[in-house]
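Here the structure is laid out as structure tokens; the discussion comes afterwards.
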Amino acid sequence: MAESGSIEITFDDGGIVEVPAGKTPLEALEQAGKSAGGAVIAEVAGESVELNRPLQVGGSLRLLDFSEPRAREAYRHTASHVMAQAVKRLFPKARLAIGPSIEDGFYYDISLERSLTPEDLPLIEEEMDRIIEADLPVVRRELPRADAIALFRERGESYKVELLEAIEEDGVTVYEQGEFTDLCRGPHLASTGRLKAFKLLSIAGAYWRGDEKREMLQRIYGTAFDSAEDLDKHLEMRQETERRDHRRLGAELELFSIREEVGPGLVIYHPRGAVLRTVIEDFLKREHARRGYDLVISPHIMKSDVWRTSGHMQMEYPMYFFEIEGQAYGIKPMNCPAHIYIYKSKTRGHNELPIRFFELGTVYRHERSGVLHGLLRVRGFTQDDAHIFCTMEQAEKEINDALTFAFEAQRAFGFTEFKIALSTRPEHFVGTEDDMERATATLKKALEDQGLEYFVDEGEGVFYGPKIDVKLTDALGRLWQGPTIQFDFNLPRRFEMTYVGEDNREHSPVMIHRTVLGSIERYIGLLIEHYAGAFPLWLAPVQVEILPIADRHVEYAEEVAERLSGNGLRVEVNRERETTGNKIRKAWRMKVPYMVIVGDQEVEGGNVSVRSLSGRDERGVETEQFIAELADEIASRSSTEA
RNA sequence: GCCGGCGUAGCUCAACUGGUAGAGCAGCGCACUUGUAAUGCGCAGGUUGGGGGUUCAAGUCCCUCCGUCGGCUCCA
């Protein structure tokens, strides 16, 4: 036991040191003859603290370096303070709002008299360099809330005052570095000089507290790393993301276009994109049929009464409405009502359940102009939409099967890493609490039966029912919205759906919405970025391009092409009078998986020379052999069984 | 919808502080008949996103609308 007035610090290696209370982790380390190394912050008795914070209580001390998420946050949070300080120096009238660290970086929301432009960023960076150069100590100070309010009010920092007024505790902390003071919980780096590498990335608008009714602030995004190499690596990664951008590749690979003349958010599929989409849709139709879904088709427009019944009009869903011969119509934003009308086309008995309707349904939604983004956010898109109508008792098996289906399909497209969220009943909901709880329990049980890891998003379900959301991880480690499975206790009621039970009485069926890919448009965008445009063979719009060496080889090239396409392969012959090198280059740029080169040797030998995107380069391959190999490759990637 | 950037030929980009639009690639034509990531020469292609204004003169300055990009917000 330490004597009063001193505290005991235990290190990772078991070493113990006793220091007077009020000493800092750095001082304790020094006394123990240890170095802080690359530590960003420390953890003492379970609490994250800066290396220069005077300690009042002892405990085990652990150093956290940049590889630890908490340390990374602190590091970037300090970077955000340095940026704010620089902005305040350049624009003394600037008022600061909030400036947290985020995944991969940080930002600060600031209110300024004039708008920042990209040219301002280097100036701010220079000022930040000066602050880092000066190596200002970052000092933590505790003070009563009222004093903090007075302090920030005096400095005209009205946003900080507003934040403080919302804080319940009496005591708050501020961090100071040089002339700069910010309200902050910390922890931080011990001094500004410890920032090694940072970069300001962009400027954007952001509403104060994310509320569009409040004022618009200017947000500066940046990132920081503890070495220049890591920063460079991160910036390269951003460039790689840009290279993979589906909007760019979509145009280069001639997959689709979105044109001002046609309308924002409306996708035009070019031949190659249409092939890709057809392959995906055929796959979906086959898989749904195999799993007991009935394919249905519904019109793109339906009378407004339908949307009144469904509730979409009342909740002011962003739809398109118009009139035909005095009748109000709306373009469908969802496929559910049509499926419900199919259900209601005759009296349903319990022996018929479960009923599963599947549709590749194209829907239109009036998205606000600012949110449109390539294929990922559009105004017209096609969902692989299905609705399952069953009894509560059957729901468990249905959910299980739907989950299995979703994961098998995702694996077929090359995704193997998932993050699953179970969203539970929100505060306001329709239906009975009992139904809601049973549905949630059913979802939970299905996830657990399948041994799937998931996290619970408490209260994040939709008002009409709980749901499972699956997020996919792509080749760059980014997360994308994937399959969803949701209960719906709202629509069966609104549309007065029933079935006749064993007891010969009418009951209300359970309705489950579920998608496997979500939106086909978005999914194609995801596939493009995931594969950087180099699709697996089964998805590639053109699978083989045949390159004759000279004109006299075209005839043979076409014979080969015919044999390949006769075996179901998608083939093109390049008849241009170009050098072979240039033909290869063009095929390469279009990311065609296989190039087949034919010249005198091949004509004579009756074979082909094969070159592939994946690096294969082989001459004199027997055509039959080649066809068989491609057939195997296609089968292996498209199979959901294996 | 809101804040800010951007909009020049099919694509990528030039054109000093306002002085009357230019290149590469792609396309077309001619020559070349080619063996593994760009053959050569030539031609054509733009009401500088639309509209309005300032000016002797506007791609360049101002207003407005549209689109687009980065965000906010929202969602498939």
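Quick note on labels: first sequence line is chain A, next is B, and so on, each numbered from 1. These figures come from a predicted structure and were not determined experimentally.
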Closest nucleotide among [options] to the [X] side chain:
| X | options | answer |
| --- | --- | --- |
| A:S609 | B:rU36, B:rU73, B:rC75 | B:rU36 |
| A:P118 | B:rC72, B:rA38, B:rG5 | B:rG5 |
| A:Q481 | B:rA76, B:rA37, B:rG35 | B:rA76 |
| A:I584 | B:rC75, B:rU34, B:rU36 | B:rU36 |
| A:T579 | B:rG67, B:rC75, B:rU39 | B:rU39 |
| A:L372 | B:rU73, B:rU36, B:rU68 | B:rU68 |

With respect to the phosphate group of [N], does any side-chain polar atom (N or O) of [X] fall under 4.0 Å of OP1 or OP2?
| X | N | result |
| --- | --- | --- |
| A:H373 | B:rG70 | yes |
| A:R247 | B:rG70 | yes |
| A:S369 | B:rG1 | yes |
| A:R552 | B:rU34 | yes |
| A:T580 | B:rU34 | no |

Distance-only donor-acceptor test, [X] side-chain atoms vs [N] base atoms, 3.5 Å:
| X | N | value |
| --- | --- | --- |
| A:R368 | B:rC2 | no |
| A:E602 | B:rG35 | yes |
| A:R585 | B:rA38 | yes |
| A:Y207 | B:rG71 | no |

For A:W588 and B:rA37, is the gap between ring centres under 5.5 Å while the planes differ by less than 30°?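 One would not call A:W588 stacked on the B:rA37 base.
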No-hydrogen, no-angle side-chain donor-acceptor test under 3.5 Å, A:H513 and A:D385: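 A:D385 and A:H513 do not have a side-chain donor-acceptor pair below 3.5 Å.
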Side chains of A:E359 and A:S298: any donor to acceptor distance under 3.5 Å?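 Present: a donor and an acceptor within the cut-off.
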Given that both distances must come in under 3.5 Å, which nucleotide forms a Watson-Crick or G-U wobble pair with [N]?
| N | answer |
| --- | --- |
| B:rA76 | none |
| B:rA23 | B:rU12 |
| B:rG35 | none |
| B:rG7 | B:rC66 |
| B:rU54 | none |
| B:rG29 | B:rC41 |

Do A:D469 and A:K467 sit within salt-bridge range, that is, some charged N less than 4.0 Å from a carboxylate O?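 A:K467 and A:D469: salt-bridged.
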Using the P atoms only, state how far B:rG50 lies from B:rU60, rounded to an integer number of Å.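 Pairwise P distance, B:rU60 against B:rG50, rounds to 11 Å.
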Given the P atoms of B:rG22 and B:rG29, what is the spacing between them in whole Å?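 Comparing P positions in B:rG22 and B:rG29 gives a spacing of 26 Å.
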Mapping A:L116 and A:S519 onto RNA chain B by nearest heavy atom, which one lands closer to the 5' end?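 Nearest-nucleotide comparison on RNA chain B picks A:L116.
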On the six-membered ring of A:Y364, is A:R379 placed so that its NZ or CZ lies under 6.0 angstrom from the centre and within 45° of the ring axis?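 Because its charged atom misses either the 6.0 Å distance or the 45° angle limit, A:R379 does not stack over A:Y364.
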Does the side chain of A:T223 reach to within under 4.5 Å of the side chain of A:R76, using non-hydrogen atoms?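 The answer is yes; the side chains approach within 4.5 Å.
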Side-chain contact test, heavy atoms from C-beta onward, threshold under 4.5 Å: evaluate it for A:K285 versus A:L360 and give yes or no.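 With C-beta onward as the side chain, the pair touches.
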Would you indicate what A:V378 reaches in the nucleic acid, counting non-hydrogen atoms under 4.0 angstrom: base, sugar-phosphate, or nothing?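 Base contact.
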Sugar-phosphate, base or nothing in reach of A:E521, heavy atoms under 4.0 Å: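 Here A:E521 touches no strand at all.
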Mind telling me whether A:F389 and A:H387 have parallel, tilted or perpendicular rings, with 30° and 60° as the class edges?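 Aromatic pair A:H387/A:F389 classed parallel.
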